[in-house]
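One structure below.
Bear in mind the structure is a predicted one, so any value in this text is a computation, not a measurement. Throughout, a chain's letter reflects where its sequence line sits, starting with A, and its residues are numbered from 1.
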Amino acid sequence: MDLKLYDTLTREKRVFRALDPSNVRMYVCGPTVYDFAHIGNARPVIVFDVLFRLLQRVYGAEHVTYVRNVTDVDDKINARAAEEYPDLPLNEAIREVTKKTDKQFHDDVAALGCLSPTHEPRATEHVGEMRELIERLVKSGNAYVAEDNVLFSVASMPDYGRLSHRSLDEMIAGARVEVAPYKHDPRDFVLWKPSKPGEPAWPSPAGIKTPGRPGWHIECSAMAWKFLGETFDIHGGGIDLVFPHHENEIAQSRCAFRTPVMTNYWMHNGFLQVEGEKMAKSAGNFVTIRELRTGWRDFSWPGDVLRFAMLSTHYRQPFDFTHFSLEQAAVALNVFSTFAYPTAGAKPSNEFLEAMHDDLNTPRAIAELHRLLKASKEGAFELTDRMSRPGAMLIDSDFSAAEQLAAGLDYLGINISNYDRDWTRKQSFSGVSPQLKSKIDDLITARAEARTRKEWKESDRIRDELAKMGVVLKDTKDGTTWEIAR
RNA sequence: GGCCACGUGGCGGAGUGGUUACGCAACGGUCUGCAAAACCGUGUACCCCGGUUCAAUUCCGGGCGUGGCCUCCA
């Protein structure tokens with residue numbers, strides 16, 4: 001079964017061919033660590049985790065190298081550090097901020113069921129490689145020094161702009177390019193710049209005496225090079241990174257190594273919206289992963305729910321994050337968890353695999369999961385029916401659909417055997433005082449007694465009374481359960 | 001202003017040049033003392049206008065709408 005991936009550069013879905021099947025290499029742009037990661041940050045992490053898992057299955061876990069960087073040098077970090085630790089020297093304050101944020105990020109991402117990448121290099125630990133690249137670019141005439149800055153000369157690369165499909169002229173037409181007097185061309189971008197006093201600083205390349213710090217784009221070129229080589233298989237990130245970040249990465253890497261391509265597949269996930277609108281702090285609809293986990297609108301959601309909700313939309317489509325999208329995901333996971341039957345070595349159904357191989361068509365794969373759920377239910381009911389007969393045996397029962405369901409969920413990175421389907425009910429209880437809870441239990445007991453006496457009026461009166469308190473009853477074979485109406 | 005993506009039934013969301021996506025909700029039924037839950041069943045939708053075609057939601061062009069990028073925001 002061929003794996004097909006959509007490549008932003010060529011704008012087509014192509015069969016994926018690894019440069020080296022014994023070492024498939026993927027690079028994904030990671031977080032800038034200055035604050036809690038928001039749910040928008042979660043999307044590429046989840047999407048490329050799914051791809052990582054798929055590649056591992058296709059090529060073998062030990063034959064895939066996945067690199068996701070940590071950007072720990074950035075103006076936003078500096079600003080945050082100065083704000084949070086005004087009494088510390090800036091560099092120490094920065095270390096505090098990046099250390100703390102990095103840990104938060106990893107906690108959150110683990111809760112979303114994401115595997116650790118093979119390498120998670122930090123920008124500040126690879127300044128040497130960045131300098132090396134810059135030296136090469138200056139030597140090759142693709143970069144120049146101006147007032148202690150090193151700038152990439154866009155004009156030196158004839159096919160600059162291919163990824164974002166912008167011609168050089170168009171970029172000027174846009175006209176919102178930062179103009180600095182020392183730039184040869186307004187489109188040129190910074191590879192290295194001098195540090196202000198107190199800021200993080202490293203020895204500069206290209207004979208510059210003043211210590212400086214790297215521009216944003218160079219770190220990814222450097223770390224991808226170090227861990228994956230001059231060219232590699234897949235480079236991923238959010239669609240907003242296409243320009244200028246990825247365009248500039250291509251320019252740096254290809255010109256430094258004289259290669260026709262930086263990576264064979266450029267993959268970009270679509271943006272996230274919240275209730276149909278752009279998520280922004282100013283709009284007041286900003287949601288962090290941490291909030292979601294610990295209480296968003298009075299509800300704490302398991303990471304698997306956000307993960308599944310996101311995978312219900314194809315990764316290139318915009319994902320609209322809503323309360324309803326979480327509820328739908330939770331409903332699906334709850335019912336999946338009751339029927340899925342994890343078995344070592346079980347494989348997902350063919351239709352599921354086809355969908356996943358078709359540019360990670362997770363919505364189609366999930367539709368197949370629903371079909372397997374249906375088949376699992378039928379199997380389960382048939383089994384219950386047989387077990388109710390004397391002398392029934394368990395043997396020869398068909399669990400294949402339930403096994404394929406669990407295996408499919410596993411492909412999506414959802415460990416269904418660890419999924420706690422009672423979490424909604426527990427949450428309902430958590431908001432209820434012990435006194436109220438015992439009152440509810442008393443009323444339910446009273447109703448049960450009334451029902452055994454067939455005093456329907458009284459039992460219905462009690463049910464109404466509970467309903468007024470917001471308590472909804474569910475009668476099952478094994479007794480009555482209840483939950484708080486939402 | 002430039003570049004790009006998207007626009008499918010009440011909602012979410014796949015897909016296809018002519019045949020059922022799927023899920024949620026809704027509706028009908030079974031079950032239940034009655035409900036709820038559970039189970040079974042039902043849905044003919046593809047922004048507008050042209051064009052290509054025997055046939056377009058699907059291809060092409062235009063329009064409208066939404067969103068993204070053009071500013072070191074995933």
Side-chain angles (χ1 to χ4, degrees), chain A residues 8 11 28-32 37-48 68 71 73-77 161 163-167 169-178 187 189-190 193 214-219 236-248 268-273 276-281 309 311-314 316-320 322 324-325 327-332 335 338 351 355 358 361-371 373-374 377-378 381 450-451 454-457 459-460 463-464 466-467 472-477 480-483 485:
Chain A
T8 309
R11 297 182 179 235
V28 174
C29 290
T32 301
H38 55 72
I39 52 176
N41 299 119
R43 196 169 186 200
V45 175
I46 290 170
V47 164
F48 292 103
R68 186 181 62 211
T71 299
V73 50
D74 180 275
D75 284 337
K76 288 194 292 287
I77 297 173
L163 180 70
S164 52
H165 297 261
R166 284 157 215 260
S167 71
D169 300 339
E170 281 162 10
M171 278 173 252
I172 297 176
R176 282 206 274 176
V177 190
E178 185 196 347
R187 302 162 303 185
F189 59 90
V190 171
K193 56 187 167 187
W216 176 37
H217 314 298
I218 195 71
E219 64 172 81
I239 189 136
D240 58 313
L241 293 180
V242 170
F243 189 88
H245 185 53
H246 288 162
E247 197 70 77
N248 292 349
H268 294 98
N269 61 273
F271 237 62
L272 171 137
Q273 291 181 284
E277 290 179 10
K278 178 172 178 165
M279 181 170 75
K281 276 179 183 159
L311 296 178
S312 302
T313 295
H314 184 85
R316 284 191 276 122
Q317 292 281 100
F319 169 68
D320 192 15
T322 61
F324 186 65
S325 67
E327 284 180 353
Q328 278 209 183
V331 166
V335 59
T338 68
E351 163 56 22
D358 181 14
N361 194 332
T362 50
R364 207 177 108 201
I366 287 171
E368 167 65 3
L369 256 29
H370 283 286
R371 194 193 65 76
L373 169 71
K374 207 170 178 182
K377 279 183 184 173
E378 280 161 15
F381 291 139
R451 290 181 75 207
K454 296 193 192 288
E455 291 168 10
W456 310 126
K457 248 197 188 131
S459 82
D460 288 352
R463 189 170 66 204
D464 290 345
L466 282 162
V472 179
L473 300 184
K474 292 182 190 178
D475 294 332
T476 72
K477 257 181 256 153
T480 300
T481 64
W482 61 274
E483 55 187 51

Between [N] ([atom2]) and [X] ([atom1]): distance, integer Å:
| X | N | atom1 | atom2 | value |
| --- | --- | --- | --- | --- |
| E351(A) | rU20(B) | CD | P | 16 Å |
| L272(A) | rA5(B) | CG | C1' | 16 Å |
| I39(A) | rC73(B) | CD1 | P | 19 Å |
| H314(A) | rA14(B) | NE2 | C1' | 10 Å |
| H217(A) | rU71(B) | NE2 | P | 10 Å |
| I239(A) | rC4(B) | CD1 | C1' | 8 Å |
| D320(A) | rG7(B) | CG | C1' | 14 Å |
| D240(A) | rA74(B) | CG | C1' | 5 Å |

(request) Verify side-chain contact (heavy atoms from CB on, under 4.5 Å) between F271(A) and I239(A), making sure each step is shown before the conclusion. (result) CA-CA 7 Å; F271(A) 237 62; I239(A) 189 136; 3.9 Å; yes
(request) Taking salt bridge (charged side-chain N to carboxylate O under 4.0 Å, His left out) as the test, write out the residues that go with K374(A), two or more places apart. (result) none
Go through the structure and list residues passing side-chain hydrogen bond (donor to acceptor under 3.5 Å, both in side chains) with [X], not counting sequence neighbours.
| X | result |
| --- | --- |
| D358(A) | K13(A), R364(A) |
| Q317(A) | none |
| K474(A) | E483(A) |

(message) Is any side-chain heavy atom of F48(A) closer than 4.5 Å to one of N269(A)?
(response) yes
So, OP1 or OP2 of [N]: does either fall under 4.0 Å of a side-chain N or O from [X]?
| X | N | value |
| --- | --- | --- |
| R187(A) | rC70(B) | no |
| T313(A) | rG13(B) | yes |
| Q273(A) | rU66(B) | no |

Can you tell me the Watson-Crick or wobble partner of [N], both distances under 3.5 angstrom?
| N | result |
| --- | --- |
| rA26(B) | rU42(B) |
| rA55(B) | none |
| rG33(B) | none |
| rG65(B) | rC6(B) |
| rG17(B) | none |

Would you classify [X] as touching base, sugar-phosphate or nothing, given that sugar-phosphate means primed atoms plus P, OP1 and OP2, and contacts are heavy atoms under 4.0 Å?
| X | value |
| --- | --- |
| G237(A) | sugar-phosphate |
| E368(A) | nothing |
| S325(A) | nothing |
| N361(A) | sugar-phosphate |
| R68(A) | nothing |
| H268(A) | nothing |
| I366(A) | nothing |

Say we look at [N] and [M]: how far apart would their [atom1] atoms be, to the nearest angstrom?
| N | M | atom1 | result |
| --- | --- | --- | --- |
| rA36(B) | rU30(B) | P | 13 Å |
| rU19(B) | rU44(B) | P | 14 Å |
| rC39(B) | rC46(B) | C1' | 32 Å |
| rC24(B) | rG62(B) | C1' | 37 Å |
| rC40(B) | rG65(B) | C1' | 41 Å |
| rA25(B) | rU57(B) | C1' | 24 Å |
| rA56(B) | rC49(B) | P | 13 Å |
| rG43(B) | rU66(B) | P | 35 Å |

Would you indicate which nucleotide in [options] comes nearest to any side-chain atom of [X]?
| X | options | answer |
| --- | --- | --- |
| D74(A) | rC70(B), rC73(B), rG68(B) | rC73(B) |
| K377(A) | rG68(B), rC39(B), rC69(B) | rC39(B) |
| K474(A) | rA36(B), rA14(B), rG67(B) | rA36(B) |

(request) Give, for atom NE2 of H245(A) and atom OG of S164(A), the distance between the pair rounded to the nearest 0.5 Å. (result) 13.0 Å
(request) Could you tell me whether the side-chain ring of F271(A) sits stacked on the base of rA74(B), using a centroid cut-off under 5.5 Å and a plane angle under 30°? (result) yes
(request) Select from S312(A) and G40(A) the residue whose nearest nucleotide in RNA chain B is closer to the 5' end of that strand. (result) S312(A)
(message) Closest-nucleotide mapping onto RNA chain B: is R43(A) or A367(A) further toward the 5' terminus? I mean the 5' end.
(response) A367(A)
(request) With sequence neighbours excluded, tell me which residues meet side chain to side chain contact (heavy atoms under 4.5 Å, CB included) with T362(A). (result) L311(A), M356(A), L412(A)
(request) Assess whether salt bridge (Lys or Arg N to Asp or Glu O under 4.0 Å) is satisfied between R451(A) and D475(A), documenting all intermediate values. (result) CA-CA 12 Å; R451(A) 290 181 75 207; D475(A) 294 332; 3.5 Å; yes
(request) Using modelled atom types only, decide if a donor and an acceptor are shared between the side chain of E247(A) and the backbone of G161(A) within a distance under 3.5 Å. (result) yes
(request) Sugar-phosphate means primed atoms, P, OP1 and OP2; the rest is base. With that split, encode nucleotides 23-34 of chain B 5' to 3' as B, S or - using protein heavy atoms under 4.0 Å. (result) BS--------BB
